[in-house]
Structure formats: structure tokens, C-alpha cells
Amino acid sequence: MNLKQMEAFRAVMLTGSVSQAAKQLYRTQPAVSMMLSSLEEDIGFQLFERRKKRLYPTPEANYLYNEVAAIFSRIQDLSQTVQDIQNKQYGFLRIGCMPGPSNFFIPEILADYLEEHPNVQASLQTRTSDSVVEWIASNQYDLGLAEMSMHQLNGGRNQMFELLCTCAIPANHPLAEHEVITPAMLDEEPMITLHPDHMIFHDLMQLFEASGLRMNVCLQTRFFIPALKFVERGLGVCVLDPISAFSYTTYAQPGKVVFRRFQPDVHLRVGLMFPSEAPSSMITLEFAELLRKRIEDVIDNPERFLCWGQ
């Protein structure tokens, strides 16, 4: 029994005649009759009694039809599933993200995506950048966003972004009157930084030491989001990446913190990472493209947080 035979049998059962079945299947009447005959020969029992040029299904035919109808129903479901996959409406997306963007930036983008793709299931896990890199390498994430060094780019599908850092200042601080903040302005100024193993801390320290300035670190945090709470309280200033600054403006009330350009340039290098040996789903690639555009939008439009609250 093959699919074409079952299709002809189903059409005859639904229409009640070979001629109508032939029209429905866009085949000739002899072709449909031949398929029915070959089906009966293959299964070894009669499906129809032919009386006065009419077909009457046997009890065996009625039983077989129920099974065939179930098969075609499953085929229709499968066709819908294929269409959903083609339209990127079905699948699973596993995202690993460094802590900063995982608080507000990525959830906002993912929520927008899932609203338009209600049948997509997603997992968003917050991990250190080193852990994201490891889990991507072992194919436990479909997509990762993490701090990235040049050697991790590897010329593959991974994409690096250089995020130009900005300076967060208490709104009532005298430095808030300046449009650009320099290390000389921050000499001896209380600063809130990440820990010494972070690339931004390392680059800032080099800038201060090269200019003979002192970086007065009064408070260290592991992530920038809590650092901004201390800036709010007037405990110091903080040089941070634009995604953290942009994220802050989406939930905080203006009037406590302002953001200013920082020069010379200090960058946070982050990357979109993919498993190197596993193909990516269409959903993963589509979401990665959406995420790439949002990151580039933050990079290209710093005025969104530099002018915030003004």
C-alpha cells in the first residue's frame, strides 16, 4: 500500500464514485480505477462491490477508511507544522547572556519577538561571559551574548561589537555641567567600578596611569546595574557601557543620574556567538539579526541616554 493508492481510496470513499474522485485528484478515471484495483490486490481483500455501475464500500473498506483518514489528518498537521517552521513560528530558542544585558535589554527584545512568534519556546539564562563562551562551545546555547576578545571572533559567524563607554554622574554633581568627561576631571574623584579583572577597569587604569592621575576607586561591583544605584546616591561616578546606560533609562526615573561622553574612548567588546560546529535554526538567525540591529541602534544613537532627562 502506498500513499497514492490511499489517496485514491480516500477520494472514492469521500465522493462515492470513481469519476468524482478522478476530478478531485486531477487524474483520469482509468488511472483511479487502476490504483483501486492495485490496492485491493496488494491488501488481499475487496474494498468495493460494483453493482449497476455504482460502488458500495465493504465493511472492511469502512474500517480501513478510518485508519486512512487518520493518516491524512496527520499529514495535514505535518503540512501546517512545515508551514509554521517556514514562517519561523515554531521551534525552540536557547539564549545565554552576560548579566548586564540580561536584566532589561535582552528581555525587552525577546518579549517583542515572542509576541510575534507565539509558538516559539525560549530559554534565557544569565551566565558570566566565560560561562556563555563555554556553553556555546558545547552547543548548550543556540545564541550567546558575552564579552568577547579578538581571538574568540575566529572569523566564523560570531560578530563583535565595540560599545563606546559613557560616564554616569549624579545629576547634582558639578561634573554634570560638562558635555565630555576626561580622566583629568576624574582625578581623585570617587569612582564606582567593576572589579580589576574586567576589561573596562583595566583600560581605565591604563589611561589614568599614563596621564599621572589617580583613579580613586571607592566602590566595586560585579555588574553595572547595581553600580548605577550607588551613582544615584551620590557615592561616585561610573564609566560604563552604553547598553547598561540605555537599560537604566528604560526603568529608572530621570533626575538622579545623567550620562556624559567619556574621552579618550574606552570600549566594551561584546559578541554575538554561535556554536561553531552546529547549524543554526532559522529562528536563531532571525532573532540574532533582530538583536544585532538593536545593539547597533544603541551604538549609533547615544543621544537616547546622553540626553535622557533633559
N/O donor-acceptor pair under 3.5 Å between Ser38 side chain and Met34 backbone: yes
Do any N or O atoms from the side chain of Ser73 and from the backbone of Ala70 form a donor-acceptor pair under 3.5 angstrom? no
Do the side-chain N and O atoms of Arg157 and Ser280 include a donor-acceptor pair separated by under 3.5 angstrom? yes
Take a 6.0 Å sphere around CZ of Arg233 and say whether it holds more than 12 heavy atoms from other residues, nucleotides or ligands. no
Test item: Gln5 side-chain N/O and Asn2 main-chain N/O as donor-acceptor pair under 3.5 Å: yes
Aromatic contact between Phe305 and Phe246, with the criterion being ring centroids under 6.0 Å apart: yes or no? no
Under 3.5 Å, is there a donor-acceptor pair linking the side chains of Glu189 and His173? yes
same_hphob_cluster(Val12, Ile43) at 4.5 Å side-chain heavy-atom cutoff: yes
Hydrogens and angles aside, do Thr284 and Ser281 bring a side-chain donor and acceptor to less than 3.5 Å of each other? yes
Rounded to the nearest 0.5 Å, how far apart are OG1 of Thr193 and CZ of Phe224? 8.0 Å
Considering only NZ, NE, NH1 and NH2 on the basic side and carboxylate oxygens on the acidic side, decide whether Arg269 and Asp241 come within less than 4.0 Å. no
Please walk me through it: do Leu175 and Arg260 pass side-chain contact (heavy atoms from CB on, under 4.5 Å)? CA-CA 9 Å; Leu175 288 174; Arg260 297 292 182 260; over 6 Å; no
Within a radius of less than 6.0 Å around CZ of Arg261, do more than 12 heavy atoms belonging to other residues, nucleotides or ligands occur? no
Sub-4.5 Å side-chain heavy-atom contact between Phe262 and Leu204: yes
Between Cys97 and Ser102, the two heavy atoms sitting closest are SG-N, 3.6 Å
Start with the C-alpha gap between Asp297 and Arg292, add the side-chain angles, then the distance that decides, and say whether salt bridge (charged side-chain N to carboxylate O under 4.0 Å, His left out) holds. CA-CA 8 Å; Asp297 184 54; Arg292 181 191 64 80; over 6 Å; no
Go through the steps for Leu268 and Phe161 under the test side-chain contact (heavy atoms from CB on, under 4.5 Å), then give the verdict. CA-CA 8 Å; Leu268 176 67; Phe161 303 89; over 6 Å; no
Salt bridge or not between Lys229 and Glu232? Use side-chain N to carboxylate O under 4.0 Å. yes
Flag yes if more than 12 heavy atoms outside His267 fall under 6.0 Å of its NE2 atom; otherwise flag no. yes
Assess whether side-chain contact (heavy atoms from CB on, under 4.5 Å) is satisfied between Gln76 and Phe72, documenting all intermediate values. CA-CA 6 Å; Gln76 290 176 348; Phe72 276 85; 5.6 Å; no
For Thr58 and Glu49, which I'm curious about, is there any donor-acceptor pair between the side chains at under 3.5 Å? no
Where Val257 and Tyr248 come nearest, the two heavy atoms and their spacing: CG2-OH, 3.5 Å
Nearest heavy-atom contact between Phe92 and Asp142 is O-OD2, 3.7 Å
List for me each residue that meets salt bridge (charged side-chain N to carboxylate O under 4.0 Å, His left out) alongside Glu108, sequence neighbours excluded, and say none if there are none. none
Can you hop from Ile71 to Tyr63 via hydrophobic side chains spaced under 4.5 Å? no
If you group Ile, Leu, Val, Met, Phe, Trp and Tyr by side-chain heavy-atom gaps below 4.5 Å, do Leu186 and Met205 land in one group? yes
Could you check if a side-chain atom of Leu219 sits within less than 4.5 angstrom of a side-chain atom of Met191, using non-hydrogen atoms only? no
Under a 4.5 Å cut-off applied to non-hydrogen side-chain atoms, are Gln125 and Ile95 in contact? no
So, does His117 use its side chain to make a donor-acceptor pair with the main chain of Tyr113 at under 3.5 Å? yes
For the residue pair Glu277 and Asn139, confirm or rule out a side-chain donor-acceptor distance under 3.5 Å. no
In terms of side-chain heavy atoms, does Ser244 have a donor or acceptor partner in Ser247 at a distance below 3.5 Å? no
Determine, using the 4.5 Å side-chain heavy-atom cutoff (strictly less than), whether Leu47 and Leu14 are members of one ILVMFWY cluster. yes
Inspect the surroundings of CD in Glu188 and state if more than 12 heavy atoms from other residues, nucleotides or ligands are less than 6.0 Å away. yes
Distance check, rounded to the nearest 0.5 Å: Met148 atom CE versus Gln159 atom CD? 9.0 Å
Taking all non-hydrogen atoms of both residues, which atom of His195 and which atom of Phe201 are closest, and how far apart? O-CB, 3.5 Å
Nearest non-hydrogen partners of Leu25 and Ala8, listed with the distance: CD1-CA, 3.8 Å
Looking at Glu7 and Lys4, is any side-chain nitrogen of the basic one under 4.0 Å from a carboxylate oxygen of the acidic one? no
Derivation and outcome, side-chain contact (heavy atoms from CB on, under 4.5 Å), residues Leu145 and Val132: CA-CA 7 Å; Leu145 180 66; Val132 172; over 6 Å; no
State plainly whether one hydrophobic cluster holds both Met6 and Ile75, where clusters connect Ile, Leu, Val, Met, Phe, Trp and Tyr through side-chain heavy atoms under 4.5 angstrom apart. yes
Please confirm whether the backbone N or O of Asp265 pairs with a side-chain atom of Gln263, one donor and one acceptor, at under 3.5 Å? no
For Ser129 versus Glu147, what's the shortest heavy-atom pair and its separation? OG-N, 3.0 Å
Gap between atom CD1 of Ile295 and atom CD1 of Ile243 - 0.5 Å precision: 5.0 Å
For the pair Tyr251 and Phe104, evaluate ring-ring contact (aromatic ring centres under 6.0 Å, His included) and give the outcome as yes or no after the intermediate values. CA-CA 8 Å; Tyr251 71 87; Phe104 300 97; 4.2 Å; yes
So, Thr221 side chain and Phe223 main chain: donor-acceptor pair closer than 3.5 Å or not? yes
Any Lys/Arg nitrogen of Arg222 or Asp197 sitting under 4.0 Å from an Asp/Glu carboxylate oxygen of the other? yes
